[in-house]
Structures are given as C-alpha cells and as structure tokens.
Asks: 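Provided herewith is a single structure, encoded as structure tokens, for subsequent inquiry.
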Amino acid sequence: HGETLHLERPNIYEFEKALIAIGMEESDAKRFALSTGRSWTVFRRQRATNLSIRHPAWLNAVQSSSLCLLCLLGSWNADKEADRQVVEQLADRPYVDIERDLKQLAQLDDAPLLSIGTVWKAKSPLELLNLFGGRITRSELDRFFLIAREMLIAPDPQLELPEEERYAAAVYGKVHPHSGLLFESVCDSLVKLAVRGSEQPGLMALGIEARVAHFVHELLDNADARRWLSLASHLPMLAEAAPTVFLTAVEKSLRLPEAPVTQLLMESRTSGMGGRCWHAGLLWALETLAWAPSQLARVALILARLSHTPITSNWSNTPGRSLFALFRSWLPKTAAGLQDRIKVLDLLIKKEPDAAFGVLDGLTEPGQQFAFDAARPKWREDDAGAGKGVTYAEMNEMHAAAKVRLFQMSAGNPSRIVTLFQNTSKKEPSDVFPVLSLMEPFTTPTANDDDREILRKALRETIRWHRNHDDTP
C-alpha cells in the first residue's frame, strides 16, 4: 500500500535467456536483446498490432528533432570535447541547446534515450531508426557521412610509437580525440543504415544502402598498410555494413605486390602484457561474412591466401583455424549446407591446395575435438538457425568426403603421404594399408631418391615408436 516496486533492467544475458524461454530462436534472441535495449516495453511495442502502442508519445514532443543525433550517432561521451563537436556538427547548432532537449526528452515516459553519467545513448537503436528514420534529411545524412569519414580516415596515433610502447599510448598522448564509444557507435550506425535503412521509404529514397557501400569502398579501396592497421578494430562492422565491397577490397589488397592487408598479421607480436592481436578484427570480419552461403567461397579463399602469411606471434586465432572452423564436420561455422561446403572444399583444392590439405587433414583427424564460437553478424540474420551442430549422418558424410579427397591429394606427393601416414598409423590402423599403397610407386627404380628418403624416414620413425611405446598385442 503506497510502496513503489522498482524493477531493474535485466542484463543482456538474462534478457536473451528469457526470450529463448518463451520460444524465440537463439540467434534472433541475441538480436532482439540488442535491438530492444533490454526493455520489455520496447519489446512489447515492437511486436504490438495496436497502432497506439506502436506510436509512442515522445515522437510528437517539441524536442524530438534532436533524436536524429541518437538515430545516426547512437551514443557519445559528453565528457569528450571532440564528441561534443561531432554532435554540434551533425545538429548544426550549439551543444548546450542539444543537451537541453535531450534532458527534457529523458524525462518523458518510456523515453527512447538513456543518460548514464556523461554518456548519452539510444535505448533501442533499431526501434529509434524504425520510428524516426523517415525524418532524417539529406543534409543530415551528408553531415553524418562527412563526420564518419573524418573519424575513420584519420591514422591511429598509436602507430607513431614503437611497437613495444604502444600499450602506453594514452600516457604519450597518442590517442584519438574522440571516444572509443563514439567510434564504435558510428560504425554500428553504418551497419544499421545499410541493413535496416532501406526499410524506411525516406532513407531508401536517399539511396542509403548504396551510400554506405560507397563509403566503405572509399575507406578500403587501395588502402595502405597504415589504413588497415588504423581500422583494425572496426573491420567487423565495416564488413557487415558492406559485405561485397569489403571482400573485394581484401581480395584486391592481396593481389597488390606488398599485400597491405597482410600487415595486420605481421604486426601482431605477442599475447603477453601489452601485446595486441592486430589481425583479430580481420578474422572476425571474415567469420561474420562466412555465415552467408553466398559468401562462403570468397571468404574461404581469402582465409586460405592469408594463411600463407607468416605470423611470428603466439596468438591462437589464425587464418588457418578460422578456415578450418567453416568446414568442421560436427560444428561448421556457416549456414551453408553440406553439399555447398563440399563444393567450396573442391574449389579450395583447385586454387589453394596446401590450405585445402590442412583442412582435409583436420576433418579426418580421429578422437575428441573442441571448438570455439565464431564471430556472428550483429544486425544481419545470415546466421539465423545455424551453428548449433549437425546430425551424425551429415558429420559422417563430411568425414567420408574429406577422407576420399585427402587420399586423392596425397597420391604422388611424398610429404603429404607422410602426413597421412603419421596420422593413421597411430590412430587409425585400419587405414594403414591404403596409405602404404600410396607409397608403392616410390619403390620403383625410377623413383626420385629424395622422395624415397622422405618415406623411409617416416617408416623408420613409426616402426621405432611401435617397438618402444605400442602395447597393442
């Protein structure tokens, strides 16, 4: 009686679990947890059929014009002068007037924005875009892309420091003037505009998807190593914003004499204190795009080419491991079906045989295996329903297909035969005789002596191991 019950907003994991509990598919639950801002009121409004519920009162507020800022920027830190200047540039008016509007909007029932300390952010970015996107003007969009370009084209100041001093970039003052929050939000907005913007007639009329694609093209086409390094953290978002443009830019970079994109792999040094895995963003970007069956082949070929780049660091995420994860027999990290995955494997065998052999070798390895989850799209739905594992029948079919191709690729190649022999002689004794048959052509007098010695050495080592360690009767 008279007591007020305060319900705390659930964290994103609790909200996601609750959505799954009411019957929502897991990948959809993750997207809804993000798009609703963990608000049950927003969730109810998005799924309501009653127009009065779907049209909140704050849309008609006098200050609602300031919602364009949150719609396009997403969030910012008012404590950062550079962030405030960006907000002023987009709104084309003083920040003090903008913040006054935002504070008044925040007092409204079920307000679409949150103020947490010095941070302003949209509560539900996608809902705000759906409800307010039609009011965004061409001039506001022009200013947004100009801001995004100025921010993302600027070199990362920490690159001016030696590698061993970059961990202390803030101490040396070698940091971007804008907050990391604003960088992340601007990149996130590019994805939202590309994926959902075309659902708004007003934004579709402004050619929003094409504008985002053109923007990403300007950033990455013919980018030098410094540009790739500066954008390392933002590559997953840029890839999701414009998948085709992103893949084309990486392919083009790999064809250039110095292959600037590979600097991301060579820049990574150590996983110890102060170390940074510069290539992680590139791998996450490619993993994100590989969920779409139409992009699997291009991603696989790119990862195969990247796997040839020597990596001196000890980071566990490598192009080879990301490539293998796409085809793992029991947990493939793509929505492509079995036959499509096998077709891409055949393409790899044709164009990147060494990388393909490594994948096939991993697919046929017996015993228990473990796997980590791959990066997934944030706003696109390419991974919907995928990545949960396959049936035993499908797993066995992939294993059989890989085994046939592994034997075919090993024929006439002593180094591959040795790899195959070493993996089968100790783990799959039943396959030893088929492997030994691959060695028979090297027993003839015309066989190359070096090739024969490679095989002899492997046989001697295996015989020695069985004599000393094998207890099998």
Asks: For Gln85 and Glu81, does a side-chain donor sit closer than 3.5 Å to a side-chain acceptor?
Replies: yes

Asks: Mind checking the CG-CG spacing from Leu102 to Leu70? Nearest 0.5 Å is all I need.
Replies: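 So the gap between those two atoms works out to 6.0 Å.
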
Asks: Evaluate side chain to side chain contact (heavy atoms under 4.5 Å, CB included) for Glu251 paired with Ile302, printing each intermediate quantity in order.
Replies: CA-CA 7 Å; Glu251 289 165 342; Ile302 288 172; 3.7 Å; yes

Asks: Indicate yes or no: at least one non-hydrogen side-chain atom of Leu264 is less than 4.5 angstrom from one of Leu229.
Replies: yes

Asks: Does one side chain, of Thr364 or Arg405, offer a donor that lies under 3.5 Å from an acceptor on the other?
Replies: no

Asks: With no hydrogens and no angle check, just 3.5 Å: does a side-chain donor-acceptor pair link Ser66 and Arg100?
Replies: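 Side-chain D/A pair, Ser66 to Arg100: absent.
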
Asks: Once you round to the nearest 0.5 Å, how far does CG of Leu235 lie from NE2 of His279?
Replies: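 Reported value, rounded in 0.5 Å steps: 12.5 Å.
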
Asks: Let me see the working for Arg227 and Asp221 under salt bridge (Lys or Arg N to Asp or Glu O under 4.0 Å), right down to the final yes or no.
Replies: CA-CA 10 Å; Arg227 174 72 57 80; Asp221 186 54; over 6 Å; no

Asks: Just so I know, are the side chains of Leu220 and Leu231 near enough to count as touching, which here means a heavy-atom distance under 4.5 Å?
Replies: yes

Asks: Please name the pair of heavy atoms, one in Pro243 and one in Ala241, separated by the smallest distance, quoted to 0.1 Å.
Replies: CD-C, 3.8 Å

Asks: Any salt bridge between Asp383 and Lys388, counting N to O under 4.0 Å?
Replies: no

Asks: If you measure from SG on Cys68 to CZ on Phe144, what distance do you get to the nearest 0.5 Å?
Replies: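 Between Cys68 SG and Phe144 CZ, I get 10.0 Å after rounding to 0.5 Å.
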
Asks: Please determine whether side chain to side chain contact (heavy atoms under 4.5 Å, CB included) holds for the pair Phe372 and Lys333, giving the CA-CA distance in whole Å, both sets of side-chain angles, and the decisive distance to 0.1 Å.
Replies: CA-CA 10 Å; Phe372 296 104; Lys333 296 303 181 180; over 6 Å; no

Asks: Could you tell me whether the side chains of Trp278 and Gln263 share a donor-acceptor contact shorter than 3.5 Å?
Replies: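 No donor-acceptor contact under 3.5 Å links the two side chains.
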
Asks: For the side chain to side chain contact (heavy atoms under 4.5 Å, CB included) test, which of Arg166, Glu165, Glu163 pairs with Gln158?
Replies: Arg166

Asks: Any side-chain heavy-atom pair from Leu282 and Pro319 closer than 4.5 angstrom?
Replies: no

Asks: Could you tell me how the ring of Phe215 sits relative to the ring of Phe145: parallel (under 30°), tilted (30 to 60°) or perpendicular (over 60°)?
Replies: tilted

Asks: Do you see a donor-acceptor pair shorter than 3.5 Å between the side chains of Arg298 and Thr248?
Replies: yes

Asks: Indicate the ring-plane relationship of Phe183 and His178, choosing parallel, tilted or perpendicular according to the 30° and 60° boundaries.
Replies: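 Phe183 and His178: perpendicular rings.
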
Asks: Should Leu73 and Val87 be marked as a side chain to side chain contact (heavy atoms under 4.5 Å, CB included) after you check the CA-CA gap, both sets of side-chain angles, and the distance that decides it?
Replies: CA-CA 8 Å; Leu73 294 179; Val87 176; 3.9 Å; yes

Asks: With rounding to the nearest 0.5 angstrom, report the CZ to CG distance, Phe246 to Leu289.
Replies: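 So the gap between those two atoms works out to 6.5 Å.
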
Asks: Of all the heavy-atom pairs spanning Arg93 and Ile98, show the shortest one and how long it is.
Replies: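 Looking at all heavy atoms of both residues, the shortest contact is O-CD1, 3.6 Å.
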
Asks: Between atom CD of Glu150 and atom CD of Gln89, what is the distance when rounded to the nearest 0.5 Å?
Replies: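 Between atom CD of Glu150 and atom CD of Gln89 there are 5.0 Å.
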
Asks: Looking only at heavy atoms, what is the nearest atom pair of Val261 and Ser253, with distance?
Replies: N-OG, 3.0 Å

Asks: Are any non-hydrogen side-chain atoms of Val212 and Glu209 less than 4.5 angstrom apart?
Replies: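 They are not in contact (no side-chain heavy atoms under 4.5 Å apart), so the answer is no.
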
Asks: Can you see which heavy atom on Met409 is nearest to which on Pro353, and at what distance?
Replies: CE-O, 3.2 Å

Asks: Ignoring hydrogens, what is the shortest heavy-atom contact between Lys192 and Cys71? Give both atom names and the distance.
Replies: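 That would be NZ-O, 4.5 Å.
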
Asks: Testing the basics here: between Glu287 and Ser322, what is the closest heavy-atom pair and its distance to 0.1 Å?
Replies: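 So the minimum-distance heavy-atom pair works out to OE2-OG, 2.7 Å.
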
Asks: Within 45° of the ring axis of Trp379 and under 6.0 Å from its six-membered ring centre, is that where the NZ or CZ of Arg196 lies?
Replies: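 No, Arg196 and Trp379 do not form such a contact.
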
Asks: Test side chain to side chain contact (heavy atoms under 4.5 Å, CB included) on Leu181 and Lys80; report intermediate values, then the result.
Replies: CA-CA 10 Å; Leu181 176 67; Lys80 286 276 189 177; over 6 Å; no

Asks: At what distance, to the nearest 0.5 angstrom, does CZ of Phe327 lie from CG of Leu348?
Replies: 5.0 Å

Asks: Determine yes or no for a side-chain-to-main-chain donor-acceptor pair under 3.5 angstrom, with Ser329 supplying the side chain and Leu363 the backbone.
Replies: no

